[in-house]
Amino acid sequence: MATAGADTHPAPWRTVAGRVVAGAALLAAVALLPWLSGTDPALTVLRARSADQDPTPAQLAAVREQLGLDQGPFTHLAHWLGGLPRGDAGSSWVSGEPVLPQVTTAFAVSVTLMLGAFVVTVAVAALVCGRTLYLGSRRRLRRARAGTGAAVLAALPKFLLASLLATVCGVWLGWFPSSGWEGPSSMVLPALALGVPSGAMIGGLLDQSLPGAFREPWARTWYAFGFSSDAIARNALRRALAGVLPQLLPTVVALVGGAVAVEKIFNIPGLGRLALDAAIAQDLPPLQTATLALVLLGVVAGLLIQALRRALLGPALRDGALTAPPPAALTRRRSTRWIAGFCAVALLALVVAGLLRDPLRVDTAARLLSPSAAHPLGTDSLGRDLLARLGHGALRTAGVALAVTAVGVLVGLLLGSVARASAGLVEVTSTLPAVLAGLLTTAVTGPSVWGAALAVCLVGWTPYAAQAAALIEEERASGHMLASLSFGAGPLYLLRHHYLPAVLPAVLRNALLRLPTTVLVLASLGFLGLGEQPPTPEWGRLLSENQPYFELAPWTVLGPACALVLLSVLAVSGTASGRGRA
């Protein structure tokens, strides 16, 4: 009989086929973008070339003939693919310049920025989980942490953090450049803006996994034989890191194409900006080449992460000799419940107070007023009361974000359970910018909040699928799983007693940490005209609309940012206190 560990290695041909099919489907969807949008591609390109030009039918016909638009998208895609082996990715429809040098330069910039963000991510993750690692290695870990610190940092909007760093550290103090890409110093501030929330995400997941690793049989044996605390800490970190490592792909590697807002704030010529500008102008050659670069990056990064993860787990993964981490029998601090209660009361007070006010009343004489008795959170650039807009947008913000998160978790669990078929799809989709997915879905559905939600669902399931696949693989390689199989356990028994207990708690914790990110991605789509349309109040939209006024009137973004942090802390600490003991 085959061991449980024999199932842990996906068939190579299936994963290769999955990568090829997923990459081909994405490139085909991108090729269809101008035709799906219902807008004449020739008109869009001509306006991108000359914004003030009023095109005539003859000019449009000339552009169609020049670009070969009458031949259809698949002919153009085949011609573009045929030129790639010769190093020819075509020329930009807008500028007429060769595409490959543009994409290569932008790709190098974005990868460099990603590496800088990765360094910050590692440093922040170490700070978040350092206490648990230190106490656990010395057998002094008695109480579980609520994770509120990680939740606060993970909830920080990247574009808001970027604006703050650019203003304070770049403009006021002059420590680092606030704009442009001229050298290593230009990378510091954007790397911090991208790496701090990502590091909190990774560190929070590690902090959750480490207590279970310290309670595995090997740890008790090492304690008894007098191994040093440093050795125990290294091995526990190695064991916990194996389950968290797949999150690097959708969290850090995806920054290459997904850091559009930060690239715009710091004026960085990265791949995200290039892809977004090309998509808006329907300039297919650079858009397709940038998409191909992201696909290749996702596949290569996925292979490297998978190899590193297998090296961390060692022969035990192959031989079915892993031990499943037992549940951490740690008591919860009473302060966790107090934190959850405080966040709930504060959010409820903000919402109720806001619902009693008019969110759409415009008063141009009261523009950008600071907080006062009349306007407790101040007013925005149109003189609208921010407390009113915050309160009226609460239900829509939380409802849509929770619905998108629930769909993402469900899809992630389903696809993560069939890792052989979905490995390539996860790698390809992880690096797809949500903005590009929004452009594709909006071309079909039109701009709406549910179109934006669909776009986020298309890319938002990847962290949960990667995590579920990793945890299921470890569960299949555990000794007690082999024992259940030898006793004739069926699929339903394995699902109920092995897979769900091993996967569901960790995935739900991950989803709660990512809840603010979902709100902000929905907001970024709305800000680009792809999602929720003004003047509808919504927390993410409040942040996006008021971000340009951050330096002049910081209160315009502090209110919705604090509400977002309170929501994140409430979600994380509420579930923690519910699982714990007083």
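Just so you know, residue 1 is the first one in the sequence shown, and it goes up from there.
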For Tyr134, ring pair (Phe, Tyr, Trp, His ring centres under 6.0 Å) partners two or more places apart
none

Got a donor-acceptor contact below 3.5 angstrom from the Arg509 side chain to the Leu205 backbone?
no

Contact check, side chains of Leu436 and Val459, non-hydrogen atoms, under 4.5 Å:
no

Applying side-chain contact (heavy atoms from CB on, under 4.5 Å) to Leu245 and Leu248, what does each step give before you reach the verdict?
CA-CA 6 Å; Leu245 199 60; Leu248 289 179; 3.5 Å; yes

Phe118 atom CZ: more than 12 heavy-atom contacts under 6.0 Å
no

For Leu303 and Arg19, what are the C-alpha separation, side-chain angles and deciding distance, and is it a side-chain contact (heavy atoms from CB on, under 4.5 Å)?
CA-CA 11 Å; Leu303 291 174; Arg19 294 182 180 106; 3.1 Å; yes

For Phe342, is the CZ atom crowded, meaning more than 12 foreign heavy atoms sit under 6.0 Å from it?
no

Drop me the distance from Leu347's CG to Cys562's SG, to the nearest 0.5 angstrom.
10.5 Å

Over all atoms of both residues, closest heavy-atom pair of Ile265 and Ser163
CD1-OG, 3.6 Å

Point-to-point distance, once rounded to the nearest 0.5 Å, from CG of Leu313 to CZ of Arg239
6.0 Å

Sequence neighbours excluded, the answer for ring pair (Phe, Tyr, Trp, His ring centres under 6.0 Å) partners of Trp222 is Trp218, Phe227

Main-chain N/O of Ala242 paired to Arg309 side chain as donor or acceptor, under 3.5 Å:
yes

Nearest-0.5 Å distance, CG of residue Leu173 to CG of residue Leu165:
11.0 Å

Could you tell me if the side chain of Met187 sits less than 4.5 Å from the side chain of Pro184, heavy atoms only?
no

How close do Leu249 and Ala301 get, heavy atom to heavy atom, and via which atoms?
CD1-CB, 3.7 Å

Contacts satisfying side-chain hydrogen bond (donor to acceptor under 3.5 Å, both in side chains) that involve residues 182-206 (not counting sequence neighbours) are none

According to side-chain hydrogen bond (donor to acceptor under 3.5 Å, both in side chains), does anything in residues 109-127 pair up with another residue at least two apart or in another chain? List the pairs.
Ser110-Glu263

Report yes if some heavy atom in the side chain of Cys169 is under 4.5 Å from a heavy atom in the side chain of Trp175; otherwise report no.
yes

Heavy-atom distance under 4.5 Å between the side chains of Leu432 and Thr462, does that happen here?
no

Report the C-alpha distance between Leu570 and Ile339 in whole Å, list the side-chain angles of each, state the deciding distance to 0.1 Å, and finish with yes or no for side-chain contact (heavy atoms from CB on, under 4.5 Å).
CA-CA 8 Å; Leu570 174 62; Ile339 291 173; over 6 Å; no

Looking only at heavy atoms, what is the nearest atom pair of Thr132 and Phe214, with distance?
O-CE1, 3.8 Å

Could you pull out every donor-acceptor pair under 3.5 Å between side chains of residues 405-417 and any protein atom, sequence neighbours left out?
unit_1	atom_1	unit_2	atom_2	d
Thr405	OG1	Ala401	O	2.8
Ser417	OG	Leu413	O	3.4
Ser417	OG	Leu414	O	2.6

Using a 4.5 Å cut-off on heavy atoms from C-beta on, say whether the side chain of Thr431 contacts that of Val256.
no

Could you grab the distance from atom NZ of Lys264 to atom OG of Ser179, nearest 0.5 Å is fine?
13.5 Å

Can any side-chain N or O of Thr397 pair as donor or acceptor with the backbone N or O of Trp539 at less than 3.5 Å?
yes

Could you check Leu194 against Val120 for side-chain contact (heavy atoms from CB on, under 4.5 Å), going step by step and ending with a plain yes or no?
CA-CA 8 Å; Leu194 295 171; Val120 177; over 6 Å; no

Hey, is the main chain of Leu425 close enough, under 3.5 Å, to the side chain of Ser422 for a donor-acceptor pair?
no

Report yes if some heavy atom in the side chain of Leu113 is under 4.5 Å from a heavy atom in the side chain of Trp181; otherwise report no.
yes

Between Arg514 and Gln247, do the side chains contain a donor N or O and an acceptor N or O under 3.5 Å apart?
yes

Measure the shortest side-chain to side-chain distance between Leu206 and Val128 over non-hydrogen atoms and say whether it is less than 4.5 angstrom.
no

For residues Asn510 and Pro463, report the shortest heavy-atom separation together with the two atoms involved.
ND2-O, 4.1 Å

Listed partners of Arg273 passing salt bridge (charged side-chain N to carboxylate O under 4.0 Å, His left out), at least two apart:
none

Val109 versus Leu271: any side-chain heavy-atom pair under 4.5 Å?
no

Taking atom CZ of Arg238 and atom CG of Asn235, what is their separation to the nearest 0.5 Å?
6.5 Å

Non-hydrogen atoms of Lys158 and Ala193 that approach each other most closely:
CG-O, 3.7 Å

Minimum heavy-atom distance Ala240-Ser209, with the two atoms named:
CB-CB, 3.9 Å

Roughly how far, to the nearest 0.5 Å, is CG of Leu308 from CG of Leu241?
7.0 Å

